[in-house]
Amino acid sequence: MEIDGFRGRLITVDHADYDTARAVWNGAVDRRPRLIARCSGTADAAAAVRYARDHDLEIAVRGGGHNVAGTAVCDDGIVIDLSAMRAVSVDPADRTARVQGGALWGDVDRETQVHGLATTGGIVGHTGVAGLTLGGGIGFLMRTYGLAVDNLLAAEVVTAEGTVLRASADDHPELFWALRGGGGNFGVVTTFRFALHPIGPTVTAGPVFWAADYTTDVLRFYRDFAVEAPDGLGTVVRLGTVPPLPVIPEHLHWRPAIAIICCHAGAVEEGERAVRALRRFGTPLADLIAPTPYAAFQCGLDDTVPHGWHYYWKATDLAGLSDGAIAVIADHAYRAGSPRSYAAMFHLGGAVARVPSDATAYAGRDVAHNIVIDGVWLPDESGEHAADETTWARRFLHALQPHRAGSVYVNFLDSDDETGRIREAYGEHTYRRLAEIKAKYDPDNAFHHNRNVRPA
Ligand SMILES: Cc1cc2nc3c(=O)[nH]c(=O)nc-3n(C[C@H](O)[C@H](O)[C@H](O)COP(=O)(O)OP(=O)(O)OC[C@H]3O[C@@H](n4cnc5c(N)ncnc54)[C@H](O)[C@@H]3O)c2cc1C
């Protein structure tokens with residue numbers, strides 16, 4: 001089989017690599033595309049889009065393959081697979097990086113840190129740059145430097161027609177607005193250009209763990225700590241069991257615990273001051289905050305969420321950390337059946353909240369905390385565990401109902417989140433604007449294997 005003008009690899013059902021090539025991060029996703037077009041560059045992506053349109057094929061676009069709903073792969077159609085396009089090139093003089101559409105955040109951190117630079121990316125190194133950025137992009141640096149989309153300067157996009165455009169503040173500004181939060185709805189992004197900032201290379205970073213019994217006290221303390229925290233301090237709360245990582249004392253592995261994971265964007269001493277009160281709170285099980293190379297810290301959680309395990313997520317933005325919300329979180333967080341399941345709460349605010357809400361298509365700028373509830377089980381535990389973990393996640397979200405902000409981070413939605421939740425993610429006004437831009441750039445909704453915005 002051939003695609004006119006395509007020089008990458010075409011992987012069909014009879015190919016030896018077919019099963020590996022169709023697998024995504026979430027092992028519970030099992031879809032069988034007719035064809036995987038592994039692109040070697042922008043020209044391949046354009047040729048693949050044109051081929052798909054000419055042959056009326058379903059299209060899925062794969063960046064890092066990390067989306068929990070498995071939208072990077074479709075049944076029967078074509079996967080436009082950018083996983084071989086992972087180059088990152090840094091210009092230290094103007095502090096920018098050009099990043100190919102299949103790169104992972106570990107690739108970006110590794111190359112930018114050579115120059116002591118970084119930009120806001122995800123908290124797991126094997127997450128894709130593309131999907132994460134197009135949905136908004138939250139991470140440890142966001143309170144200082146904004147979301148991933150706030151650092152996006154330009155994007156090269158293959159449109160639904162198979163033509164190549166540049167989107168930036170000056171070129172196709174409406175498309176550029178939509179790409180910054182509107183997900184994969186508007187085309188295949190083959191290159192991102194990001195602004196970079198001086199970080200580290202050594203930063204004050206790491207987790208502090210407390211026994212699960214102290215969750216209510218820790219969260220009440222954290223509520224005030226987060227309000228007072230300087231913008232330089234990014235924190236994520238993780239509730240579950242202590243992951244069995246080599247850096248954590250073995251006797252603590254799998255113990256139910258709450259962790260506050262910190263990363264300070266400034267000088268090490270400044271970071272130490274910012275986390276002092278946190279480290280002194282109560283009696284931690286372990287305090288692993290230390291001067292740490294930023295790039296290594298960013299990969300520290302990678303082994304806790306490997307490829308191929310089965311995952312099911314529920315998420316919401318929170319109206320605040322009231323006593324009521326904290327009570328629900330403390331009550332539900334440790335009821336999962338599997339010791340691998342956990343919940344994670346990101347602290348937003350700072351630079352995220354200072355960008356006007358209509359400047360980009362990311363819609364949760366006024367929210368201080370969100371939560372993602374991650375049911376996890378092993379492939380050979382399917383049946384009963386799958387049911388237990390999905391029930392746990394759904395009940396947890398349901399119990400949070402009175403404490404929800406009314407919005408949700410689009411990149412945390414799972415496959416059974418109804419289309420109504422996509423509107424919840426954007427809010428009516430932003431959704432309508434996205435739908436109008438979609439009608440201009442993809443009127444036939446060729447790109448719909450995503451958190452779909454229908455053309456107006
Ligand atoms: C373990 C884990 C940790 C995470 N941590 C964070 C975090 O810290 N911060 C955060 O913001 N999010 C986080 N996420 C969520 C993450 O943002 C989404 O899963 C995102 O979809 C991942 O992007 P990807 O490129 O790997 O996804 P893929 O599954 O490859 O793609 C998802 C969708 O994005 C679109 N897409 C992908 N590539 C392209 C492209 N090149 N051009 C156009 N559209 C494209 C397509 O619509 C595709 O269906 C995390 C996810 C996981 C699994």
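We count ligands from 1, going down the list as the structure has it; atoms in each ligand are counted the same way.
Each of H403, E424, R404 was compared with T316 under the side chain to side chain donor-acceptor pair (under 3.5 Å) criterion, and only R404 meets it. When each of L153, T96, V129, T112 is tested with F194 by the rule side chain to side chain contact (heavy atoms under 4.5 Å, CB included), just one qualifies, namely V129.
Not counting sequence neighbours, the partners of T235 by the side chain to side chain donor-acceptor pair (under 3.5 Å) test are Y222. For D107, the side chain to side chain donor-acceptor pair (under 3.5 Å) partners are R86, not counting sequence neighbours.
Pocket lining of ligand 1, defined as residues with a non-hydrogen atom under 4.0 Å away: W25, V61, R62, G63, G64, G65, H66, N67, T71, A72, L82, G101, G122, I123, V124, T127, G128, A130, G131, L132, L134, G137, I138, G184, G187, V188, V189, V305, W313, F346, Y409, N411, F412, H449, N450.
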- [ ] Determine, step by step, whether I258 and L219 satisfy the side-chain contact (heavy atoms from CB on, under 4.5 Å) criterion, reporting the C-alpha distance in whole Å, the side-chain angles of both residues, the deciding distance to 0.1 Å, and the verdict.
- [x] CA-CA 9 Å; I258 174 169; L219 287 179; 3.7 Å; yes

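Within the structure, the ring pair (Phe, Tyr, Trp, His ring centres under 6.0 Å) test picks out no pair touching residues 29-49 (sequence neighbours left out).
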